[in-house]
Amino acid sequence: ITKAIHSQKFNFAIRLDIERFFENISIQNLLNKIYEYTEYDIKYDKKFNSYSIESICDFFDYINCGEIKGIPQSDNNIISNLISDIYIKFLDLDINEILKNHSNITNFTINRYVDDIYIFLDLKNGNKEFCLELINVFSDLLLDKHNVKFNNKISIIDLSIENENL
């Protein structure tokens, strides 16, 4: 993040944080996304089908006692960390697609630590209002496609102003 800030390649940074990320991960959605992106031969070879998806969902429902949404959490839980990382990779792909296809963005990079997302932008004609519009697009996408939303820790930083910090 520090490298991106000091590179002077970007004129804006957006900081986003996903609200209650682990609690809002849908195992069903994750498995459906993996199924969608997996080649047929691999699905067939690994017997990855609607029955296995249902069985995995039932297992998570069981270990969550049918009460807790999302994935189990505890300190140093490798499986939960892996599941959350896979889940958010799909979100990364969607954000990346929006950014690379926007004519006002000449360069960008996305840095993420679990559910904290930092997007550095080089805008042709940009200001904070443009960044707010992007955040709204991301928010709609996340809610509609991934069933997660941002919390109130959103910030937009004009990197051309020396006093503004992440």
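Along the sequence shown, residues are numbered consecutively beginning with 1. Keep in mind that this is a model prediction, so the values were computed, not measured.
Side-chain contact check for Phe12 versus Phe130: every heavy-atom pair is 4.5 Å or farther apart. Using a 4.5 Å heavy-atom cutoff, the side chains of Asn32 and Ile53 are in contact. Contact of the His146 side chain with the Asp94 side chain is registered, since non-hydrogen atoms from C-beta on lie closer than 4.5 Å. You'll find the side chain of Ile156 reaches within 4.5 Å of the side chain of Ile135, heavy atoms only. Looking only at side-chain heavy atoms (C-beta outward), Asn151 and Ile18 stay at 4.5 Å or farther from each other. Taking 4.5 Å as the limit, some side-chain heavy atom of Leu134 sits within range of a side-chain heavy atom of Leu121. By the 4.5 Å heavy-atom criterion applied to side chains, Phe138 and Leu99 are counted as neighbours. Between Phe108 and Asp122 there is no side-chain heavy-atom pair separated by less than 4.5 Å.
Both Ile86 and Phe22 belong to a single network of hydrophobic side chains, linked directly or stepwise wherever heavy atoms of I, L, V, M, F, W or Y lie under 4.5 Å apart. Cluster membership for Leu143 and Leu93, using ILVMFWY side-chain heavy atoms within less than 4.5 angstrom, is not shared. Clustering ILVMFWY residues whenever any of their side-chain heavy atoms sit less than 4.5 angstrom apart, transitively, puts Leu141 in the very cluster that holds Leu132. In the hydrophobic clustering of ILVMFWY residues, with side-chain heavy atoms under 4.5 Å counting as a link, Tyr37 and Ile27 come out together.
Note that the CG atom of Leu30 and the CD1 atom of Ile88 stand 12.0 Å from one another [nearest 0.5 Å]. Going from atom CG of Leu142 over to atom CD of Glu19 covers 11.5 Å, rounded to the nearest 0.5 Å. Rounded to the nearest 0.5 Å, atoms NZ (Lys128) and CG (Leu123) are 12.5 Å apart. In this structure, the separation between NZ on Lys145 and CG on Asn29 is 11.0 Å, given to the nearest 0.5 Å. Rounded to the nearest 0.5 angstrom, Gln28 CD and Asn147 CG are separated by 12.0 Å. Between Tyr113 atom OH and Asp17 atom CG the span is 12.0 Å, to the nearest 0.5 Å.
The nearest pair of heavy atoms linking Val114 to Phe21 is CG1-CD2, 4.4 Å. Nearest heavy-atom pair across Tyr87 and Ser26 is CE1-O, 3.6 Å. Looking at every heavy atom in both residues, Leu31 comes nearest to Phe48 through O-CZ, 3.8 Å. For the pair Ser84 and Asn81, the tightest heavy-atom approach, listed with the atom from each and the gap, is OG-O, 2.9 Å. Contact record, Asn11 with Asp158: O-OD1, 3.4 Å, taken as the closest heavy-atom pair. For the pair Tyr118 and Arg15, the tightest heavy-atom approach, listed with the atom from each and the gap, is OH-NE, 3.3 Å.
Atom CD of Glu36 has more than 12 heavy atoms from other residues, nucleotides or ligands within 6.0 Å.
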Is there a side-chain contact (heavy atoms from CB on, under 4.5 Å) between Ile34 and Phe90 once you walk through the steps? CA-CA 9 Å; Ile34 292 171; Phe90 291 105; 4.2 Å; yes
Passes side-chain contact (heavy atoms from CB on, under 4.5 Å), Ile83 versus Phe60? Steps please. CA-CA 12 Å; Ile83 291 169; Phe60 273 92; 3.4 Å; yes
Going through the checks in order, is the side-chain contact (heavy atoms from CB on, under 4.5 Å) test met by Asp92 and Asn96? CA-CA 6 Å; Asp92 290 345; Asn96 190 63; 6.0 Å; no
Would you sort out whether Ser52 and Asn49 count as a side-chain contact (heavy atoms from CB on, under 4.5 Å), showing the intermediate values? CA-CA 5 Å; Ser52 57; Asn49 53 36; 3.5 Å; yes
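Remark: Asp85 engages Arg112 in a salt bridge, criterion side-chain N to carboxylate O under 4.0 Å.
Asn24 places a side-chain N or O within 3.5 Å of a backbone atom of Arg20 that can act as its donor or acceptor partner. Side chain of Asn101 to main chain of Glu97: a donor-acceptor pair is present (N/O by atom type, distance under 3.5 Å, no hydrogens or angles).
Cation-pi check for Lys43 over Tyr35 is met; the charged atom lies under 6.0 angstrom from the ring centroid and within 45 degrees of its normal.
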